[in-house]
Amino acid sequence: MYYIGVDLGTSAVKILLMNEKGEIKKIVSRDYPLHFPKPGWSEQEPADWWKQVMDGLKELLSEIDKSQVRAIGAGGQMHGLVILDDRDQVIRPAILWNDGRTQEETEELNQKVGKDKLREYTGNIAFAGFTAPKILWVKKHEPENFNKIRKIMLPKDYINYLLTGSFVTDYSDASGMLLLDVKNKCWSDEMLSICGIRKEQLPKLHESYEEIGTLRPEVARELGIPESVRVCAGAGDNAAAAIGTGTVGEGTCNISLGTSGTVFIPTAQFTLPSEGIHSFVHADGGYHLMGCMLSAASCNKWMMEEILQTKDYDAERGQVKKENWGRNQVFYLPYLMGERAPHNDPSARSCFIGMSMDTKRVDLVQAMMEGVAFGMRDSLEEARKAGIVLTESMICGGGSRNPIWRNICANIWNLTLKQPETEQGPGYGGAILAAVCDGAYASVEEAVKALIRVKAVTEPDPEIVSRYEERYQVYRELYPALKHVFPKLTLPAEN
């Protein structure tokens, strides 16, 4: 039997084929463009997603017995706004999670509605990346488009809609819309009223592992697989990635050092943390706390390719020596696209601080790696304020594959870090959810216990932890000191 996992990312879709034993038989990746029509904006065409998903599925299935495909599960980039009209046509390009245009709408929600009210309605305050501020932006700036809206959905739900015809979402992805009453797992009537939308414009809610339908006949014919193939509701990318690393149940944690950086901590019961991090539903049916940095491993790509003009990442990072960990005089703030958790500040910007005449190239590379780790520690500290006690975490994402960066993180976070044997993030999590949906496993917990293995463990060094503790306390002073300057750095828009 085969299960398909779809990872609908920001730059590409990755699709994998998994058997019932959790073995990955094939992986296909297809890129699609990302558009920045104005500074701070980030958009994609949903049609590009669908084309690459279908082409990728055809390639994935080309050499197997297609009759053995049983179910499909998707993990997808969260928060993106996809809107359809009464003819099921996409009205405008999708506004993505990392789009910063909604600063005004976000401030209105937090100030006029009030952070306390928002937390009462949804369990969260407004962040610029969330979906509700995007809806308000369309309502204000594109009223003709707003009036056409018949369906509001998230990126992976658009793919599921075209696969099955079912207009649905799952709780984990819906949690990031600022429209869901997270504690009670239902749409918030108050938030719908604030945004001027109706409940029938929103998808039906499901647990991530629940079946939402089977393939539409025309899709099944095009792919050459049975119409009986089940499709589960799937999950937001971070929840799906957590499933893919076995991060299920209390006492666990997953930290993703990917394009964005995520701290993901499951909880059995709904927990209302400080404003700096999110309280969402998990794909296993429980809840989780999450802090998300907008720029993590993307800082590394920017540093290497745009600043240092190289693609030999390992050669640059290899110059960072252990004896210098915790002794760097240079600091880096990782706010290339503003920041989400815990500062919620779209105006924040990256900078290097502490350079002198003896600063070397390697010091900047080390500062970049440390700055990302410091920024993610901010979210860990917010979780600890909520009473969470952590001693270890799973770690995934492209940045975690570098042993130097992984060791720096272990010491800055003072956590034992475990790498999963199979590290395919949301795609693997989606395939596991599909297997649960098909009945191969009785629950998500049972599935991850059977399938997830650890391949490597990185331990913190108490001496280095102590040095980094001092450095982190300095780092914590930098954002507050510069916060008032950041809005002045952006040039006014041209008329």
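Just the heavy atoms: all of them, side chains too, but no hydrogens, waters or symmetry mates, feed the values below.
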Determine, step by step, whether W97 and T10 satisfy the side chain to side chain donor-acceptor pair (under 3.5 Å) criterion, reporting the C-alpha distance in whole Å, the side-chain angles of both residues, the deciding distance to 0.1 Å, and the verdict. CA-CA 9 Å; W97 61 275; T10 311; 2.8 Å; yes
Quick test of your reading of the model: are [X] and [Y] salt-bridged, counting only N-O distances below 4.0 Å?
X    : Y    : value
E445 : K449 : no
E275 : R119 : no
R361 : E316 : yes
R317 : D314 : yes

So do [Y] and [X] actually touch side chain to side chain, heavy atoms under 4.5 Å?
X    : Y    : value
L380 : L415 : yes
L179 : I197 : yes
V320 : W325 : yes

Inspect the surroundings of CZ in R476 and state if more than 12 heavy atoms from other residues, nucleotides or ligands are less than 6.0 Å away.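 No, not enclosed.
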Please determine whether the number of non-hydrogen atoms from other residues, nucleotides or ligands lying under 6.0 Å from atom NZ of K117 exceeds 12.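 Result for NZ/K117: open.
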Show me the pairs that pass salt bridge (Lys or Arg N to Asp or Glu O under 4.0 Å) and involve residues 401-413, at least two apart or across chains.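 Qualifying pairs, neighbours excluded: R401-E423.
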Please tell me whether Y468 and E370 have a donor and an acceptor in their side chains that are separated by less than 3.5 angstrom.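 Judged by distance alone, the side chains do pair up.
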So, S188 and E190: side-chain donor and acceptor under 3.5 Å apart, yes or no?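 Short answer, yes.
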Taking only residues two or more places apart in sequence or in another chain, which ones pass side chain to side chain contact (heavy atoms under 4.5 Å, CB included) with T169?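 Checked T169 against side chain to side chain contact (heavy atoms under 4.5 Å, CB included); matches are L154, K156, D157, D173, A174, W187, P203, L205.
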Test of understanding: with ring pair (Phe, Tyr, Trp, His ring centres under 6.0 Å), list the residues that count as partners of [X], not counting sequence neighbours.
X    : answer
H343 : Y335, Y479
H79  : F130
Y209 : none

Going by the angle between their ring planes, with limits at 30° and 60°, are F374 and Y475 parallel, tilted or perpendicular?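 Tilted.
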Could you walk me through whether K38 and R101 pass side-chain contact (heavy atoms from CB on, under 4.5 Å), step by step? CA-CA 9 Å; K38 292 185 180 181; R101 79 184 70 183; over 6 Å; no
Give the C-alpha distance, both sets of side-chain angles, the deciding distance and a yes or no for side-chain contact (heavy atoms from CB on, under 4.5 Å) between T245 and F264. CA-CA 11 Å; T245 61; F264 188 107; over 6 Å; no
Go through the steps for Y287 and H282 under the test ring pair (Phe, Tyr, Trp, His ring centres under 6.0 Å), then give the verdict. CA-CA 5 Å; Y287 295 88; H282 192 8; 10.0 Å; no
Run the numbers on E43 and R92 for salt bridge (Lys or Arg N to Asp or Glu O under 4.0 Å), then give the verdict. CA-CA 10 Å; E43 298 182 348; R92 70 169 329 281; 3.2 Å; yes
When you look at K185 and V281, which way does the side-chain contact (heavy atoms from CB on, under 4.5 Å) test go after all the steps? CA-CA 8 Å; K185 292 187 175 182; V281 180; 3.7 Å; yes
Could you tell me which residues satisfy salt bridge (charged side-chain N to carboxylate O under 4.0 Å, His left out) with R471, sequence neighbours excluded, listed by chain and number?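 R471 satisfies salt bridge (charged side-chain N to carboxylate O under 4.0 Å, His left out) with no other residue.
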